[in-house]
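This report refers to the structure that appears directly beneath it.
As the structure is a computational prediction, the values presented were derived from the model and not from experiment.
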Amino acid sequence: MAALSGVRWLTRALVAAANPGAWRSLSTSVVAQAASRSQAEDVRVEGAFPVTMLPGDGVGPELMHAVKEVFKAASVPVEFQEHHLSEVQNMASEEKLEQVLSSMKENKVAIIGKIHTPMEYKGELASYDMRLRRKLDLFANVVHVKSLPGYMTRHNNLDLVIIREQTEGEYSSLEHESARGVIECLKIVTRTKSQRIAKFAFDYATKKGRSKVTAVHKANIMKLGDGLFLQCCEEVAELYPKIKFETMIIDNCCMQLVQNPYQFDVLVMPNLYGNIIDNLAAGLVGGAGVVPGESYSAEYAVFEMGARHPFAQAVGRNIANPTAMLLSASNMLRHLNLEYHSNMIADAVKKVIKVGKVRTSDMGGYATCQDFTEAVIGALSHP
């Protein structure tokens with residue numbers, strides 16, 4: 001009926017017009033209204049920051065849903081461009097990888113879940129996750145391990161940063177069988193990349209007001225490989241006299257982190273050591289569900305969980321902890337200079353944890369992922 005009455009109104013208006021100018025006037029009015037609506041839509045899109053979203057495997061899609069729900073409630077001006085890349089869900093191909101890379105290169109910023117790497121060898125040594133990081137040259141992985149107020153763990157009031165070189169080292173994907181039953185796996189260490197990650201660590205410490213950088217290595221055994229990494233760190237340290245510099249062997253570092261983690265401030269290390277220490281340190285403050293992470297190249301920034309686990313056994317059970325992903329998303333907003341929204345979301349997450357009424361099972365509670373997300377939305381402080 002509404003459509004019919006609209007047609008009748010239009011007919012009467014045209015019939016009543018005594019000259020052709022009415023047609024032009026009416027046409028101009030309609031076009032103007034359509035242009036106005038189109039312009040308003042363009043403003044909304046143009047006013048939002050485009051961000052590539054890669055949910056990944058395991059509970060990644062559930063965590064990304066939590067991020068989208070909180071962003072919507074907080075009216076965050078971000079437009080997610082969602083892509084799917086998964087080796088375990090048969091959603092990985094060269095075409096999909098190129099699509100993801102194209103989106104990331106255009107947007108410069110991405111938020112990603114864990115892209116699980118199967119153990120089976122299928123002819124390609126480098127996983128899609130590793131290839132993605134290499135093609136974007138995401139050389140620096142940063143994990144800020146910080147205790148959450150109100151959540152008691154074995155060590156409280158912790159605040160340390162782990163910086164990991166993640167484009168070479170043991171993850172170079174250079175393996176071969178030199179003789180039957182003999183596998184050679186090459187660890188690549190270069191002066192250029194060792195100096196680059198060392199400088200990144202000292203620059204980070206300077207910018208964030210940190211006082212000490214510890215280089216973690218195994219140069220007593222790998223005298224040339226880790227020896228070069230250590231030498232580069234020592235050379236760079238001389239350029240930053242106001243930052244205290246120490247070195248520590250990786251095995252001792254693991255023990256010291258468990259016994260007395262308060263002695264550390266910023267730690268810098270090669271690829272494999274960083275992967276292990278990230279997970280160890282995350283366990284000190286509550287586990288993989290509460291520690292955010294980020295990776296940087298000269299051009300791009302990727303935000304993710306600090307300890308990368310797909311948590312496959314929790315898929316579809318609505319029990320995953322979205323804390324780490326929400327805090328990582330908050331860090332992403334700060335990177336985009338959206339300080340207000342960044343603080344709003346981080347404060348809401350920390351408030352929910354501090355109150356302690358809504359906690360997921362990994363934090364000793366009974367809340368679901370959805371319960372926690374709704375609690376965070378309820379804690380958002382709108383003006």
Checklist entry - Side chains of His83 and Gln81: is there a donor and an acceptor less than 3.5 Å apart? => result no
Checklist entry - Which distance, rounded to the nearest 0.5 Å, do you find between the CG of Asp57 and the NZ of Lys114? => result 8.5 Å
Checklist entry - Side-chain heavy atoms under 4.5 angstrom apart, residues restricted to Ile, Leu, Val, Met, Phe, Trp, Tyr: same cluster for Tyr366 and Val352? => result no
Checklist entry - Just by modelled atom types, is the Ser103 backbone N or O under 3.5 Å from a matching donor or acceptor in the Glu106 side chain? => result no
Item to check | Leu284 side chain near Leu158 side chain, heavy-atom distance below 4.5 Å | outcome: yes
Checklist entry - Should Val355 and Met344 be counted in the same cluster of Ile, Leu, Val, Met, Phe, Trp and Tyr side chains packed under 4.5 Å apart? => result no
Checklist entry - Side chains of Ser295 and Arg164: donor-acceptor distance under 3.5 Å anywhere? => result no
Item to check | Side chain Glu294, main chain Asn141, donor-acceptor under 3.5 Å | outcome: no
Item to check | Check: Ser102 side chain, Glu98 main-chain N or O, donor-acceptor pair, under 3.5 Å | outcome: no
Checklist entry - Quick one: are Arg334 and Glu339 in side-chain contact, heavy atoms under 4.5 Å? => result yes
Next on the checklist: For residues Phe49 and Tyr340: do they belong to one hydrophobic cluster (side chain heavy atoms under 4.5 Å, members Ile, Leu, Val, Met, Phe, Trp, Tyr)?
Outcome noted: yes
Next on the checklist: My understanding is that only residues two or more places apart in sequence, or in another chain, count here; which of them pass salt bridge (charged side-chain N to carboxylate O under 4.0 Å, His left out) with Lys351?
Outcome noted: none
Item to check | Any side-chain donor near an acceptor of the partner, Asn331 and His144, under 3.5 Å | outcome: no
Next on the checklist: Check this for me, if you would: do Lys244 and Glu246 make a salt bridge, where the nitrogen-to-carboxylate-oxygen distance has to be below 4.0 angstrom?
Outcome noted: yes
Checklist outcome for this item: Correct closest heavy-atom pair for Gly225 and Val189 would be O-CG1, 3.4 Å
Checklist entry - Sub-3.5 Å donor-acceptor pair from the side chain of Asn275 to the main-chain atoms of Asn271, do we have one? => result no
Item to check | Aromatic centroids of Phe303 and His335 separated by under 6.0 Å | outcome: yes
Checklist entry - Which pairs pass salt bridge (charged side-chain N to carboxylate O under 4.0 Å, His left out) with one or both residues in residues 362-371, sequence neighbours excluded? => result none
Next on the checklist: Is there a path of hydrophobic side-chain contacts, each under 4.5 Å between heavy atoms of I/L/V/M/F/W/Y residues, joining Leu230 to Phe264?
Outcome noted: no
Next on the checklist: For a 4.5 angstrom cut-off between non-hydrogen side-chain atoms, does Ile115 reach Leu54?
Outcome noted: yes
Next on the checklist: So Val109 and Leu336, do their side chains get closer than 4.5 Å, heavy atoms only?
Outcome noted: yes
Checklist entry - Just by distance, do the side chain of Ser330 and the backbone of Ser342 share a donor-acceptor pair under 3.5 Å? => result yes
Item to check | Summary of salt bridge (charged side-chain N to carboxylate O under 4.0 Å, His left out) pairs that have at least one residue in residues 252-261, sequence neighbours excluded | outcome: none
Next on the checklist: Given 3.5 Å as the limit, does a donor-acceptor pair link the side chain of His176 with the main chain of Ser178, or not?
Outcome noted: no
Next on the checklist: One pair to check against side chain to side chain contact (heavy atoms under 4.5 Å, CB included): Leu326 and Val376. What are the steps and the verdict?
Outcome noted: CA-CA 10 Å; Leu326 288 173; Val376 169; 4.3 Å; yes
Checklist entry - How many angstroms lie between CD in Glu304 and CD1 in Ile111, if you round to the nearest 0.5 Å? => result 9.5 Å
Checklist entry - Who pairs with Leu224 by side-chain contact (heavy atoms from CB on, under 4.5 Å), at least two apart in sequence or on another chain? => result none
Next on the checklist: For Tyr300, give me all partners under side chain to side chain donor-acceptor pair (under 3.5 Å), at least two apart in sequence or on another chain.
Outcome noted: none
Item to check | Partner residues of Tyr240 under the ring pair (Phe, Tyr, Trp, His ring centres under 6.0 Å) criterion, sequence neighbours left out | outcome: Phe202
Checklist entry - Do the side chains of Glu238 and Phe245 get nearer than 4.5 Å, heavy atoms only? => result no
Item to check | Under-4.0 Å salt bridge between Arg133 and Glu165 | outcome: no
Item to check | Glu168 vs Arg134, salt bridge (Lys or Arg N to Asp or Glu O under 4.0 Å): CA-CA, chis, key distance, verdict | outcome: CA-CA 9 Å; Glu168 59 177 14; Arg134 282 187 200 154; over 6 Å; no
Checklist entry - Within a radius of less than 6.0 Å around CD of Glu95, do more than 12 heavy atoms belonging to other residues, nucleotides or ligands occur? => result no
Checklist entry - Given side chains that start at C-beta, do those of Val182 and Arg180 come closer than 4.5 Å, heavy atoms only? => result no
Next on the checklist: According to salt bridge (charged side-chain N to carboxylate O under 4.0 Å, His left out), does anything in residues 191-203 pair up with another residue at least two apart or in another chain? List the pairs.
Outcome noted: Asp137-Arg196, Arg191-Glu235, Lys199-Asp203
Next on the checklist: Given 3.5 Å as the limit, does a donor-acceptor pair link the side chain of Gln166 with the main chain of Leu138, or not?
Outcome noted: yes
Checklist entry - Among all residues two or more places apart in sequence or in another chain, which pass the salt bridge (charged side-chain N to carboxylate O under 4.0 Å, His left out) test with Lys187? => result Glu170, Asp226
Checklist entry - Do Val216 and Tyr262 belong to the same hydrophobic cluster, where Ile, Leu, Val, Met, Phe, Trp and Tyr are linked whenever their side-chain heavy atoms lie under 4.5 Å apart, directly or via other members? => result yes
Checklist entry - Is there side-chain contact between Leu160 and Asp265, with heavy atoms separated by less than 4.5 Å? => result no
Item to check | Straight-line distance of Lys105 NZ to Glu299 CD, nearest 0.5 Å | outcome: 9.0 Å
Checklist outcome for this item: For Ala110, the side-chain contact (heavy atoms from CB on, under 4.5 Å) test, sequence neighbours excluded, returns Thr52, Met104, Ile112, Val302
Next on the checklist: Could you go through Leu97 and Gln99, starting from their C-alpha distance and side-chain angles, then the distance that decides it, and tell me whether this counts as side chain to side chain contact (heavy atoms under 4.5 Å, CB included)?
Outcome noted: CA-CA 5 Å; Leu97 179 61; Gln99 289 174 355; over 6 Å; no
Item to check | Pairs touching residues 146-158 that satisfy salt bridge (charged side-chain N to carboxylate O under 4.0 Å, His left out), sequence neighbours left out | outcome: none
Checklist entry - Any donor and acceptor pair, going by atom type alone, linking the side chain of His155 with main-chain N or O of Val258 inside 3.5 Å? => result yes
Next on the checklist: Rounded at 0.5 Å granularity, tell me how far CD1 in Ile319 sits from OG in Ser361.
Outcome noted: 4.5 Å
Checklist entry - Who pairs with Met305 by side-chain contact (heavy atoms from CB on, under 4.5 Å), at least two apart in sequence or on another chain? => result Leu63, Ala324, Met325
Checklist entry - Can you list the other members of the hydrophobic cluster that holds Leu186, where links are side-chain heavy atoms under 4.5 angstrom apart? => result Leu174, Ile188
Next on the checklist: Counting C-beta onward and ignoring hydrogens, is there a side-chain heavy-atom pair between Lys350 and Ile353 closer than 4.5 Å?
Outcome noted: no
Checklist entry - Looking at Arg317 and Glu62, does any basic side-chain N land under 4.0 Å from a carboxylate oxygen? => result no
